[in-house]
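Every heavy atom of this structure was used, including side-chain atoms; hydrogens, water molecules and symmetry mates were not.
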Protein chains: 2
Amino acid sequence: MLNDSALTDPAPLFAALGDRTRLSLLAKLSDGESRSIAGLSSDTDITRQAVTKHLKVLEDAGLVISKKVGRESQFAFRPEPINDIRAYLDSVSRQWDDALGRLRAFVER
Amino acid sequence: MLNDSALTDPAPLFAALGDRTRLSLLAKLSDGESRSIAGLSSDTDITRQAVTKHLKVLEDAGLVISKKVGRESQFAFRPEPINDIRAYLDSVSRQWDDALGRLRAFVER
DNA sequence: ATGAAATGCAACCATAAAGTTGCATTTTAT
DNA sequence: ATAAAATGCAACTTTATGGTTGCATTTCAT
């Protein structure tokens, strides 16, 4: 089942990003090249199976997509959810900025 | 020990945001008003002690600050780490955009 | 046809995370 | 002085998470 990238609840998205291993997987893939599990596992110290699990978390969050090609499955970065997160952060910051603005307006009289 | 807001490893920051309860706590505080633990616990269905734990996670991540005033401890939103996250997301997206650009340049000849 | 490569899948382990209950402590209000 | 309010602190339970090992399956190359 593929993710809808709905911005209703950003928590799972943040959670998917809240792990160093997954961030470094994303970093590798963010150059736009797709890579196999073996390719992504080569320069880590954890097992290939562990990498597979992390990739599943990333895929469930919509941050990567995968397709089987031959005997290997290729993973690629999917940037859309990043915008959802940005939108969420913006909404929080905007609320904060508005509050600051009102406070300033209040103090300045 | 207070956080330095270093952007060396955004994973703990993402992890702190990867929980609905904590996101809703942040949402309440993002209006700039500071609130007590009791105030933040009033309209949740979890116990006050659980809220306290979440607040500690947020504080360790630098997303809130607290000070004791009288018998209660007041918590306030701290927006600085949000910018760290933005910076990280920007770096990932920029890398992605660059890759797309190179790909386009490559295709167009 | 067969061995190596890449992956899938299941069971298992250890630790962390999220939540609870119970009780002690500190402050405030009457 | 004392009861209520707000919090702190510790122990405990349950479940999720990150990782492993072992083995089966699929696909490729020779």
Problem set entry | Nearest-Å distance for atom pair CZ/P, residues B/Arg48 and C/dG22 | 14 Å
Exercise. Is there a donor-acceptor contact under 3.5 Å from the side chain of A/Arg78 to the main chain of A/Ala76?
Worked result: no
Problem set entry | Separation of atom NZ in A/Lys67 from atom C1' in C/dA6, rounded to whole Å | 17 Å
Seminar exercise, completed: Taking for A/Gly70 and for A/Arg22 the nucleotide of DNA chain D with the nearest heavy atom, the one nearer the 5' end belongs to A/Arg22
Exercise. How close do B/Leu29 and B/Phe75 get, heavy atom to heavy atom, and via which atoms?
Worked result: CD2-O, 3.4 Å
Exercise. Hey, does A/Ala50 reach any base, or is it just sugar-phosphate, or nothing, if we go heavy atoms under 4.0 Å?
Worked result: base
Exercise. Would you say the base of D/dG22 and the side-chain of A/Gln49 have a donor-acceptor pair closer than 3.5 Å?
Worked result: yes
Seminar exercise, completed: Whole-Å distance, B/Lys68 NZ to D/dA5 P, equals 17 Å
Exercise. What is the nucleic acid contact for B/Arg20, judged by heavy atoms within less than 4.0 Å: base, sugar-phosphate only, or nothing?
Worked result: nothing
Problem set entry | Atom pair distance, as rounded to whole Å: CG in B/Leu55 and C1' in C/dG19 | 15 Å
Problem set entry | DNA chain D: 5'-proximal contact among A/Val57 and A/Glu72 (nearest heavy atom) | A/Val57
Problem set entry | ILVMFWY cluster, A/Phe14 and B/Val57 together (side-chain gap under 4.5 Å) | no
For this session: Specify the separation, in whole Å, of atom CZ of B/Phe75 and atom C1' of D/dA6.
Result: 12 Å
Seminar exercise, completed: From the candidates D/dT7, C/dG19, D/dA5, the one with an atom nearest any side-chain atom of B/Arg71 is D/dA5
Exercise. Can a donor-acceptor pair be found between the side chains of A/Ser66 and A/Glu59 at a distance below 3.5 Å?
Worked result: yes
Exercise. Can a side chain N or O of A/His54 be found less than 4.0 Å away from OP1 or OP2 on D/dT17?
Worked result: no
Problem set entry | Gap between atoms CG and P, on A/Leu17 and D/dG18 respectively (whole Å) | 12 Å
Exercise. Want to settle it: does A/Ile37 or A/Lys53 sit nearer the 5' end of DNA chain C, counting the closest nucleotide to each?
Worked result: A/Ile37
For this session: Let me know the distance between CG of A/Leu58 and P of D/dT17, rounded to the nearest Å.
Result: 13 Å
Exercise. Hey, is the side chain of A/Thr47 poking within less than 4.0 Å of OP1 or OP2 on D/dG19, counting only N and O atoms?
Worked result: no
For this session: List the steps and the verdict of side-chain contact (heavy atoms from CB on, under 4.5 Å) for B/Trp96 and B/Leu100.
Result: CA-CA 6 Å; B/Trp96 165 263; B/Leu100 276 195; 3.6 Å; yes
For this session: Nearest whole angstrom, please: distance from the C1' of C/dA16 to the CG of B/Asp60.
Result: 14 Å
